[in-house]
*Asks:* 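Can you read through this structure? Questions will come right after.
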There are 2 protein chains.
Amino acid sequence: MARVQRDGGDDAAPTTELPAVRGQGPAAVNGPAGAQGNGRARAIPEAAVARLAVYLRVLSAMAEQGSVTVSSEELATAAGVNSAKLRKDLSYIGTYGTRGVGYEVDVLTSEIQRVLGLTRQQNTAVVGIGNLGHALANYGGFPGRGFPVTALFDVDPDLIGVPVGGLPVCHIDDIPEVCAARNIAIGVIATPPAAAQAVCNRLVEGGVHCVLNFAPVVLQVPDHVEVRKVDLAIELQILSFHVARNAEQRGRGRTAAARASSNGEVV
Amino acid sequence: MARVQRDGGDDAAPTTELPAVRGQGPAAVNGPAGAQGNGRARAIPEAAVARLAVYLRVLSAMAEQGSVTVSSEELATAAGVNSAKLRKDLSYIGTYGTRGVGYEVDVLTSEIQRVLGLTRQQNTAVVGIGNLGHALANYGGFPGRGFPVTALFDVDPDLIGVPVGGLPVCHIDDIPEVCAARNIAIGVIATPPAAAQAVCNRLVEGGVHCVLNFAPVVLQVPDHVEVRKVDLAIELQILSFHVARNAEQRGRGRTAAARASSNGEVV
DNA sequence: AGCCGCTTGTGAATGCGTGCACAAAATCCG
DNA sequence: CGGATTTTGTGCACGCATTCACAAGCGGCT
Ligand SMILES: NC(=O)c1ccc[n+]([C@@H]2O[C@H](COP(=O)([O-])OP(=O)(O)OC[C@H]3O[C@@H](n4cnc5c(N)ncnc54)[C@H](O)[C@@H]3O)[C@@H](O)[C@H]2O)c1
Ligand SMILES: NC(=O)c1ccc[n+]([C@@H]2O[C@H](COP(=O)([O-])OP(=O)(O)OC[C@H]3O[C@@H](n4cnc5c(N)ncnc54)[C@H](O)[C@@H]3O)[C@@H](O)[C@H]2O)c1
């Protein structure tokens, strides 16, 4: 397992340890006895991790554009957040800014990459090479960001062995074996909902600890497996709720608060 | 007042008004004067709205399976959440349970649909008919859940006029006009990142108030427009963080306490 | 060198979300 | 018909997240 290192990482960094997220479990264990032995590393809130990934993308865009330093204000507006929140997020990973000046783009970039574990590539597998699976397998944004797609799986006999995006499709019965052999870290499920749980179980068998699920079902997994789901229908329904809310608000004369233009347009 | 009209159904329900979410704006304006005049309707937390959509899906699966009533415990485990949280979520939309028995599946279904604004279909447009856009246009799960795809747009001359999923592709210059004409409520952006902002602006011109964005950029929109983004690279990076964290934890002997069901929230 | 303006980093306050625990209600059963 | 049983609905407390506000620190300017 060659620890594939990304750009010329200063892997040295002796001071900062890799922090751990803090108790998100029920009844957090922070009793008086809970004081954990590791003196240093502060915890990173889950919500902050998600934003760090956004900052990373904005930073890379700025680097391409030639910027050398950024202020928290600049970076914050580009990322669509409050500047205080941004500074607090960055403070979780260390102190890399210069007061009165801002942050060095490349320093901040590599520090965030380090904390997110992006100095090491994560092999990814896609299961279910249908409409969505094809798009995912062909998408250049994954390998480009350190997530090479190194295995594809499906159950359809017509697909087995066919190369998609340059990689031949394997049969789902081989999931455990192939995942273990190719050191797959992340499994992406793009099968019909009915098959998702079974596929997930196979992935876990193959030693996959992280799953990204596109199928609209709630997966049951052992404690040590992390699942994130992307559910487009739910996203649309949340938007639908806002449509209804806005229509309601527009119906009655609402206090100035939020509205900006809201001129004549009707639903 | 044009209260959101929902189809014929049981509009009776005199008690429950359509509630509004509370301050989600940046720099929320909830100053001391912010006390809103509407006495009754309680606010639904944003997080609860996302979960209601999940409950809805689980409920429809249960209805197909022939269930007539569910207890909060059943529904909660099926949805992957705490039963207390589920009951609290449901309490935001009204009181439809029977103590000692549970909830009637069809009643709960229609009440959640009502609150989410799903009694009315939301016309949806997809912009950028590439790999991802094709998958979205062909996906049956959208029209099946009340989000008919009624417009497709692209800039590629070879695509204009070509039917995809039975619907011909229009040119992006026609976005404002076509969106207004077809009463598009939700716009889905699946273009390359560089084009996303321009496309978004056109959608807003066309009267679209809700946008679902797949392009990895932060969109700038007027206050009255709601944007949700689906960013797969960020999802993978969050998973990557957990890989790194677990590797770290596994390095040292860590107390068992750790993890429970975890995730839940849709990003 | 010393002062000034700018920006970071963070303590503190507030608000929100979550989970617990229990009273209220409704059905079932003796 | 009354009590036992079950399950809802919610008050309450706690912890996380967000935001404010400001001292600390750094560079540049005079
Ligand atoms: N297409 C979209 O835009 C879209 C949007 C949102 C959600 N989804 C979800 O993503 C999933 C895939 O969608 P799709 O449109 O690509 O569907 P699809 O039918 O085009 O593709 C499904 C693929 O999975 C394969 N498959 C079926 N059973 C399998 C199994 N047991 N193991 C492995 N592979 C199996 C099929 O052979 C097929 O290739 C579905 O769950 C769908 O709900 C899709
Ligand atoms: N394919 C995936 O699995 C995937 C995954 C995550 C994110 N994304 C993102 O989704 C977006 C689309 O991805 P894709 O793989 O479908 O790309 P793609 O290149 O296959 O398709 C892009 C489509 O957008 C069209 N287009 C280009 N400029 C346009 C413009 N100005 N207006 C309208 N249409 C325009 C192109 O003609 C093409 O049809 C990208 O932003 C990508 O980063 C894709």
Side-chain angles (χ1 to χ4, degrees), chain A residues 16 21-32 34 42-52 55 68-77 79-104 107-108 111, chain B residues 15-16 21-32 34-35 42-52 55 68-77 79-104 107-108 111 260-267:
Chain A
T16 55
V21 285
R22 55 183 146 188
Q24 88 284 28
V29 285
N30 60 354
R42 220 153 2 137
I44 300 185
E46 187 86 9
V49 173
R51 287 190 297 266
L52 284 172
Y55 306 152
V68 177
T69 60
V70 250
S71 70
S72 62
E73 192 62 40
E74 269 180 278
L75 191 52
T77 54
V81 301
N82 187 299
S83 76
K85 191 189 293 187
L86 178 132
R87 289 199 298 275
K88 177 139 293 199
D89 286 344
L90 294 183
S91 77
Y92 291 125
I93 70 172
T95 304
Y96 301 106
T98 304
R99 296 176 187 224
V101 179
Y103 303 88
E104 257 180 271
V107 169
L108 206 51
E111 289 301 331
Chain B
T15 53
T16 56
V21 286
R22 50 186 146 185
Q24 88 289 22
V29 283
N30 60 353
R42 230 174 327 160
I44 301 185
E46 186 87 9
V49 174
R51 285 190 297 267
L52 284 172
Y55 306 152
V68 176
T69 61
V70 252
S71 70
S72 63
E73 192 63 38
E74 269 179 279
L75 190 52
T77 55
V81 302
N82 187 298
S83 76
K85 191 189 294 187
L86 178 133
R87 288 198 299 275
K88 179 144 295 196
D89 287 344
L90 294 184
S91 77
Y92 291 124
I93 70 173
T95 303
Y96 302 106
T98 304
R99 298 176 185 224
V101 179
Y103 303 88
E104 256 179 273
V107 171
L108 206 50
E111 289 302 330
S261 59
S262 72
N263 71 337
E265 58 220 6
V266 199
V267 178

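Just so it is clear: chains get the letters A, B, ... in the order the sequence lines come, proteins before strands, and each one is counted from 1.
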*Asks:* Measure the shortest side-chain to side-chain distance between B:Y103 and B:E74 over non-hydrogen atoms and say whether it is less than 4.5 angstrom.
*Replies:*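 No, too far: nothing below the 4.5 Å cut-off.
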
*Asks:* Rounded to whole Å, how long is the line connecting atom CG of A:L108 with atom C1' of C:dT7?
*Replies:*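 Roughly 14 Å, once rounded to whole Å.
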
*Asks:* Let me know the distance between CD of A:E111 and P of C:dG9, rounded to the nearest Å.
*Replies:*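 To the nearest whole Å, that distance equals 12 Å.
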
*Asks:* Considering heavy-atom distances to DNA chain D, does B:V70 or A:A84 have its closest nucleotide positioned more toward the 5' end?
*Replies:*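 Its nearest nucleotide being more 5', the pick is B:V70.
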
*Asks:* Within the pair B:S72 and D:dT8, is there a side-chain N or O less than 4.0 Å away from OP1 or OP2?
*Replies:*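 For D:dT8, OP1/OP2 do have a side-chain N/O of B:S72 under 4.0 Å.
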
*Asks:* Considering non-hydrogen atoms only, spot the tightest contact between B:A76 and B:S83 and give its length.
*Replies:*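 Heavy-atom minimum between the residues: CB-CA, 3.5 Å.
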
*Asks:* To check you understand the geometry: which heavy-atom pair defines the closest contact between B:L52 and B:D89, and what is its length?
*Replies:*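 In this case the closest contact between B:L52 and B:D89 is CD2-O, 4.4 Å.
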
*Asks:* Work out which heavy atom in A:A43 is nearest to a heavy atom in A:P45; give both atom names and the distance.
*Replies:*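 Scanning both residues, the minimum pair turns out to be O-CD, 3.7 Å.
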
*Asks:* Separation of B:R87 atom CZ from C:dA21 atom P, in whole Å?
*Replies:*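 My rounded result for the distance is 13 Å.
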
*Asks:* To the nearest Å, give me how far apart CD (A:E104) and P (C:dT8) are.
*Replies:*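 Taking CD of A:E104 and P of C:dT8, I get 13 Å after rounding.
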
*Asks:* Expressed in angstrom and rounded to an integer, what is the separation of B:Y92 atom OH from D:dG9 atom P?
*Replies:*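 Going from B:Y92 (OH) to D:dG9 (P), I get 14 Å.
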
*Asks:* Would you kindly give the NZ-to-P distance between A:K88 and D:dC22, to the nearest whole Å?
*Replies:*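 The distance from NZ of A:K88 to P of D:dC22 comes to 15 Å, rounded to the nearest Å.
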
*Asks:* Restricting to non-hydrogen atoms, name the atom on B:I44 and the atom on B:A48 that form the minimum distance, rounded to 0.1 Å.
*Replies:*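 Shortest heavy-atom contact: CG2-CB, 4.1 Å.
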
*Asks:* Whole angstrom is fine here: how far is it from CD in A:E74 over to C1' in C:dT7?
*Replies:*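 Going from A:E74 (CD) to C:dT7 (C1'), I get 12 Å.
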
*Asks:* When you check the phosphate oxygens OP1 and OP2 of C:dG17, does a side-chain N or O of B:N82 lie under 4.0 Å from one of them?
*Replies:*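 B:N82 to C:dG17 OP1/OP2: no side-chain N or O under 4.0 Å.
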
*Asks:* Identify which nucleotide among C:dA21, C:dT8, C:dG9 has an atom closest to any side-chain atom of A:S71, counting heavy atoms from C-beta outward.
*Replies:*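 The closest nucleotide is C:dT8.
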
*Asks:* For B:A47 and A:T95, take the nucleotide of DNA chain C holding the closest heavy atom to each; which residue's nucleotide lies nearer the 5' end?
*Replies:*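 Nearest-nucleotide comparison on DNA chain C picks A:T95.
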
*Asks:* Tell me whether the side-chain N/O atoms of A:Y103 come closer than 4.0 Å to OP1 or OP2 in C:dG9.
*Replies:*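 Answer is yes, contact under 4.0 Å.
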
*Asks:* Which residue is it: A:V81, A:V70, A:L108? I am looking for the one with a side chain to side chain contact (heavy atoms under 4.5 Å, CB included) to A:Y55.
*Replies:*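 Answer after filtering A:V81, A:V70, A:L108: A:V81.
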
*Asks:* If the sugar-phosphate is the primed atoms plus P, OP1 and OP2 and the base is the rest, what is the B/S/- string for nucleotides 24-30 of chain D, using protein heavy atoms under 4.0 Å?
*Replies:* BBBS---

*Asks:* Specify the separation, in whole Å, of atom CG of A:L86 and atom P of D:dT18.
*Replies:*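 Rounding to the nearest Å, CG of A:L86 and P of D:dT18 are 12 Å apart.
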
*Asks:* Should A:K85 be listed as having a side-chain N or O under 4.0 Å from OP1 or OP2 of D:dT19?
*Replies:*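 True: A:K85 side-chain N/O within range (under 4.0 Å) of D:dT19 OP1/OP2.
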
*Asks:* Sequence neighbours excluded, which residues qualify as side-chain hydrogen bond (donor to acceptor under 3.5 Å, both in side chains) partners of A:S71?
*Replies:*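 Partners of A:S71 under the side-chain hydrogen bond (donor to acceptor under 3.5 Å, both in side chains) test: none.
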
